[in-house]
Amino acid sequence: MTWVPFYRPARRFRAGWRSELSSSDQSKRDRGSRLATIRLVVLLGILAGICLKEGLGLDIVPILSRVPTLGDGQFTLCSRGNRMQCVVDGDTIYYGGLKIRLEDIDAPETYQYKCEAELALGERAKNRLLELMNSGPFELINRRGRDEDRYGRKLRTLERNGRSLGEILIAEDLARRWDGARHSWCG
C-alpha cells in the first residue's frame with residue numbers, strides 16, 4: 001500500500017517565482033501585504049498604548065461622558081488650541097475637555113454681543129470667573145436636574161464651601177440669576 005497525501009504539496013522555492021505571477025495576482029498580493037503591515041502597526045500601537053496606560057497609570061482615552069465633580073487646577077482663558085481647562089465667558093467653561101454652562105446664572109456675551117456695553121461687562125465677568133476658579137478647589141453640582149442644555153453643554157453650578165461662584169458674580173453685578181430666558185444687557 002502506498003501513502004497518498006490529502007493535501008497538495010507546497011511549491012518549492014525557486015528564484016524568480018514572482019515572475020510566474022500575472023500582474024493582477026502580483027498587485028493583489030502586494031495590496032494584501034500592505035494591508036497586513038498596516039494592521040500589524042495599528043495593533044502594535046494599541047498594545048503600546050495599553051502598556052503605557054497600565055504601566056504609568058495614565059488615562060490616554062478620556063471618558064467624555066463622565067463629568068468631574070471636583071474642580072481644581074490652573075484655568076486660563078479659552079483660545080483655539082486650548083479647550084481642556086479654560087473660561088469661555090462669564091457663564092461657560094471647559095473642564096476636562098467638557099463644555100459646561102453655569103446653570104444658575106446668565107452673564108453678558110463676549111462673542112455675539114449686542115452692544116459695546118455688553119462686551120465690556122462680559123469681559124469683566126469672564127476675567128472675574130477665571131479669578132474665582134483659580135482661587136481654590138470647587139465642586140461641580142447639578143442642582144436643576146437637567147444634565148445638558150440644547151447645545152450639548154453640561155449644566156452645572158460651581159460651588160466653593162457651599163456658595164455658588166455664580167452668586168458671587170451676581171453680587172458684583174457681573175451676571176444675573178438665570179430665569180430661563182435671555183435678557184438684554186444693552187440698557
Side-chain angles (χ1 to χ4, degrees), residues 42 45-46 49-50 52-54 56-187:
V42 169
I46 291 169
I50 290 170
L52 182 66
K53 178 182 184 246
E54 294 300 318
L56 298 177
L58 300 174
D59 279 333
I60 293 173
V61 181
I63 301 171
L64 294 179
S65 62
R66 179 180 60 191
V67 178
T69 56
L70 291 176
D72 198 7
Q74 194 62 32
F75 285 80
T76 62
L77 295 177
C78 291
S79 62
R80 280 199 187 274
N82 173 19
R83 294 283 192 217
M84 287 305 291
Q85 290 203 166
C86 62
V87 175
V88 176
D89 59 23
D91 58 19
T92 309
I93 65 168
Y94 276 91
Y95 183 57
L98 291 173
K99 196 169 189 180
I100 299 173
R101 167 78 160 76
L102 279 62
E103 65 186 348
D104 58 339
I105 65 168
D106 179 35
E109 296 299 322
T110 57
Y111 293 102
Q112 295 179 346
Y113 53 92
K114 305 287 189 257
C115 62
E116 292 300 317
E118 180 178 14
L119 174 62
L121 192 59
E123 290 293 330
R124 287 181 44 215
K126 174 173 66 173
N127 289 321
R128 180 64 174 136
L129 180 60
L130 176 66
E131 182 183 315
L132 290 169
M133 292 179 70
N134 284 331
S135 296
F138 53 86
E139 291 182 89
L140 289 95
I141 301 169
N142 186 330
R143 293 267 184 231
R144 304 217 176 179
R146 275 185 50 208
D147 186 52
E148 289 183 353
D149 67 4
R150 63 182 175 169
Y151 303 108
R153 299 176 294 189
K154 298 294 183 182
L155 296 171
R156 299 294 184 269
T157 298
L158 305 181
E159 290 186 1
R160 178 178 295 121
N161 300 324
R163 184 171 185 206
S164 165
L165 300 185
E167 289 292 329
I168 296 171
L169 293 174
I170 292 170
E172 295 175 0
D173 292 326
L174 297 173
R176 54 173 75 113
R177 196 170 291 0
W178 176 248
D179 65 2
R182 292 216 176 266
H183 301 286
S184 176
W185 291 93
C186 297

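Quick caveat: nothing in here was measured; it's all calculated off a predicted structure.
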Asks: Could you pull out the closest heavy-atom pair between Ala107 and Ala125, with the gap in Å?
Replies: CB-CB, 4.5 Å
Asks: May I have the step-by-step check of salt bridge (charged side-chain N to carboxylate O under 4.0 Å, His left out) for Arg156 and Asp147, ending in yes or no?
Replies: CA-CA 8 Å; Arg156 299 294 184 269; Asp147 186 52; 2.8 Å; yes
Asks: Tell me, please, which residues at least two apart from Arg182 pass salt bridge (Lys or Arg N to Asp or Glu O under 4.0 Å).
Replies: Asp106, Glu109
Asks: CD/Gln85 to SG/Cys78 distance, rounded to the nearest 0.5 angstrom?
Replies: 10.5 Å
Asks: Testing Lys126, Arg101, Lys99 for salt bridge (charged side-chain N to carboxylate O under 4.0 Å, His left out) with Asp91, which one passes?
Replies: Arg101
Asks: More than 12 heavy atoms of other residues, nucleotides or ligands under 6.0 Å from CZ of Arg176: is that the case?
Replies: yes
Asks: What's the spacing between Leu169 CG and Ile105 CD1 if we round to 0.5 Å?
Replies: 5.0 Å
Asks: Out of curiosity, Arg153 CZ to Glu103 CD, how far, rounded to the nearest 0.5 Å?
Replies: 12.0 Å
Asks: Could you give all pairs that pass the disulfide bond (SG atoms under 2.5 Å apart) test and reach residues 131-175, with sequence neighbours left out?
Replies: none
Asks: So, using side chain to side chain contact (heavy atoms under 4.5 Å, CB included) as the criterion, who are the partners of Arg150 when residues are at least two apart?
Replies: none
Asks: Side chains of Ile93 and Leu158: closer than 4.5 Å at any heavy-atom pair?
Replies: yes
Asks: Quick test of your reading: applying salt bridge (Lys or Arg N to Asp or Glu O under 4.0 Å), list the pairs with at least one residue in residues 160-169, sequence neighbours left out, ordered by first then second residue.
Replies: Glu167-Arg177
Asks: Applying side chain to side chain contact (heavy atoms under 4.5 Å, CB included), can you list everything that pairs with Asp179, at least two apart in sequence or on another chain?
Replies: Ala181, His183
Asks: Kindly state each residue pair satisfying disulfide bond (SG atoms under 2.5 Å apart) with at least one member in residues 114-187, sequence neighbours excluded.
Replies: Cys115-Cys186
Asks: Under 4.5 Å between any side-chain heavy atoms of Asn134 and Gln74, yes or no?
Replies: yes
Asks: Applying side chain to side chain contact (heavy atoms under 4.5 Å, CB included), name anything that partners Thr110, two or more places apart in sequence or on another chain.
Replies: Asp89, Leu119, Glu123
Asks: Only counting residues at least two apart or in another chain, list the ones meeting side chain to side chain donor-acceptor pair (under 3.5 Å) with Arg128.
Replies: Glu131, Glu172
Asks: Can you see which heavy atom on Phe75 is nearest to which on Met133, and at what distance?
Replies: CE2-CE, 3.5 Å
Asks: Compare every heavy atom of Asn127 with every heavy atom of Leu77, then report the nearest pair and how far apart it is.
Replies: CD1-OD1, 3.7 Å
Asks: Mind jotting down which residue pairs meet the disulfide bond (SG atoms under 2.5 Å apart) criterion with at least one end in residues 129-162? Sequence neighbours excluded, please.
Replies: none
Asks: Applying side chain to side chain donor-acceptor pair (under 3.5 Å), can you list everything that pairs with Arg143, at least two apart in sequence or on another chain?
Replies: Glu159
Asks: Give me the atom names and distance for the closest heavy-atom approach of Arg144 to Asp104.
Replies: NH2-CA, 3.6 Å
Asks: Is there a side-chain contact between Val42 and Ile46, using heavy atoms and a 4.5 Å cut-off?
Replies: yes
Asks: Which atoms form the tightest heavy-atom contact between Gly90 and Leu102, and what is the distance?
Replies: O-CD2, 4.3 Å
Asks: Considering residues at least two apart in sequence or located in another chain, which fulfil the side chain to side chain contact (heavy atoms under 4.5 Å, CB included) criterion with Tyr111?
Replies: Val88
Asks: Going by the rule side chain to side chain donor-acceptor pair (under 3.5 Å), which residues pair with Asn142 if we only count those two or more places apart in sequence or in a different chain?
Replies: none
